[in-house]
Amino acid sequence: MADVDVFAGVRLLGPPEADGEYIALNDHETVHLHEYARIYAVPGLYEHVVQELLQCTSPQVAAAGFLRAVERLGLEPGGLTVLDVGSGTGLVGELVRGGGVARVVGVDALPAAREAALRDRPGVYADYVIGDFQRDDDTLREALRPYRLGGLVSAGAFGGTHATPRALENALALLPADAPVAFTLDERWMDESDPEGFGVAVAKAVAEGSLEVLERSRFQHRVTTTGEPIFYELIVGRTASPASEG
Ligand SMILES: C[S@@+](CC[C@H](N)C(=O)[O-])C[C@H]1O[C@@H](n2cnc3c(N)ncnc32)[C@H](O)[C@@H]1O
């Protein structure tokens with residue numbers, strides 16, 4: 001990982017523009033915070049901006065929630081292969097591996113994310129597949145079929161400019177019954193009066209029996225470039241047991 005002095009010229013720009021937040025990489029270059037391909041290309045830059053400057057906690061919160069679900073379900077983490085949805089540079093994979101999970105398979109829509117994770121965290125992922133959970137075709141399902149996935153963890157990948165509820169539905173559908181899951185969701189997208197939002201998607205998954213919620217909590221995901229807190233929800237649960245499947 002690059003020395004932090006390399007990032008001496010990196011500055012948060014504020015207040016956010018209508019299309020989101022920006023950071024200055026140096027005196028000449030400005031990037032949108034979600035211009036991931038550009039940010040992932042520089043070793044350690046994502047971690048410096050998002051984890052250090054913007055105090056993002058979602059990877060730690062999601063990984064800890066996932067490991068609590070594993071314990072609560074009486075599973076042995078050393079026997080699990082876990083799907084990390086929107087795995088980015090590999091922070092979440094590294095944390096769950098550190099918690100004893102045997103194998104993690106990362107999936108991200110961006111080739112630059114895979115390159116960054118393999119470059120900066122070699123050995124963390126059993127495989128890292130480039131794929132988009134929004135797509136309803138079988139490409140991703142087929143790519144993941146050999147892995148016998150036994151759980152799902154995801155941090156910061158759903159909501160906003162990221163994946164939609166359809167992607168969550170598609171990711172949950174890859175799991176067997178009784179699998180531990182933990183994911184974080186932007187609370188701005190949890191309003192249950194919004195038919196397109198995650199609040200409705202989670203309620204529907206629970207009503208249909210594809211998800212049982214074990215824990216639901218609010219936490220500070222990060223701050224904006226001007227220091228205002230952004231709150232997310234952590235959902236910890238398990239996929240339906242065969243007896244409750246409709
Ligand atoms: C905010 S980053 C979080 C990365 C990592 N989980 C972490 O916490 O450090 C969100 C990641 O989700 C990925 N992503 C967004 N929508 C996706 C989708 N539909 N399918 C797969 N990956 C997606 C993005 O490419 C990006 O790398």
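Just follow the structure's listing: the first ligand is 1, and inside any ligand the first atom is 1. When a residue number appears, it is its place in the shown sequence, counting from 1.
- Set against the non-hydrogen atoms of Asp132, the atoms of ligand 1 under 4.0 Å away are 18 (C), 19 (N), 20 (N).
- Taking any N or O of Ala109, backbone or side chain, at least one lies under 3.5 Å from an N or O belonging to ligand 1.
- In this structure, a donor-acceptor pair under 3.5 Å is absent between the side chains of Gln55 and Thr57.
- Considering only non-hydrogen protein atoms, atom 16 (N) of ligand 1 sits nearest to Ala163 N, 3.4 Å.
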Walk me through it: do Tyr36 and His162 pass the test ring pair (Phe, Tyr, Trp, His ring centres under 6.0 Å)? CA-CA 11 Å; Tyr36 291 123; His162 299 122; 5.6 Å; yes

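- In this comparison of Gly86, Ala62, Gly106, Gly156, the heavy atom closest to atom 4 (C) of ligand 1 sits on Gly86.
- Classification of Glu212 and Arg238 as a salt-bridged pair holds, one side-chain N sitting under 4.0 Å from a carboxylate O.
- Here's the thing with Asp108: one of its N/O atoms is less than 3.5 angstrom from an N/O atom of ligand 1.
- Under a 4.0 Å N-O distance rule, the pair Arg145/Glu142 qualifies as a salt bridge.
- In terms of polar-atom proximity, Tyr40 is counted as a contact of ligand 1, with an N or O under 3.5 Å from an N or O of the ligand.
- Heavy-atom separations between Pro59 and ligand 1 include at least one value shorter than 4.0 Å.
- Remark: distances from the non-hydrogen atoms of Gly131 to ligand 1 include one below 4.0 Å.
- Using a 4.0 Å cut-off to heavy atoms of Leu110, the atoms of ligand 1 that qualify are 25 (O).
- At a threshold of 4.0 Å, the pair Arg38-Glu35 counts as salt-bridged, since one of the basic side-chain nitrogens sits closer than that to a carboxylate oxygen.
- Of the polar atoms of Val85, none of the N or O atoms is found under 3.5 Å from an N or O of ligand 1, judged by distance alone.
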Residue pair Leu91, Val50: steps toward the side-chain contact (heavy atoms from CB on, under 4.5 Å) verdict: CA-CA 11 Å; Leu91 286 161; Val50 177; over 6 Å; no

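- Which parts of ligand 1 touch Gln134 is read off a 4.0 Å heavy-atom cut-off, strictly below it: atoms 19 (N).
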Going through the distances and angles, do Glu47 and Arg121 end up as a salt bridge (charged side-chain N to carboxylate O under 4.0 Å, His left out)? CA-CA 12 Å; Glu47 287 79 359; Arg121 294 184 173 79; 2.8 Å; yes

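- Aromatic rings from Tyr46 and His48 are positioned such that their centres are separated by 6.0 Å or more.
- No continuous path of hydrophobic side-chain contacts links Val236 to Phe231 [ILVMFWY only; heavy atoms under 4.5 Å].
- Here is the list of ligand 1 atoms found below 4.0 Å of a heavy atom in Ser87: 5 (C).
- For a threshold of 3.5 Å applied to N or O pairs, the pair formed by Phe133 and ligand 1 contains at least one separation below that value.
- For ligand 1, none of its N or O atoms has an N or O atom of Tyr36 under 3.5 Å away.
- The pair Arg166-Glu196 does not count as a salt bridge, with every side-chain nitrogen at least 4.0 angstrom from each carboxylate oxygen.
- At least one heavy atom of Tyr46 sits less than 4.0 Å from an atom of ligand 1.
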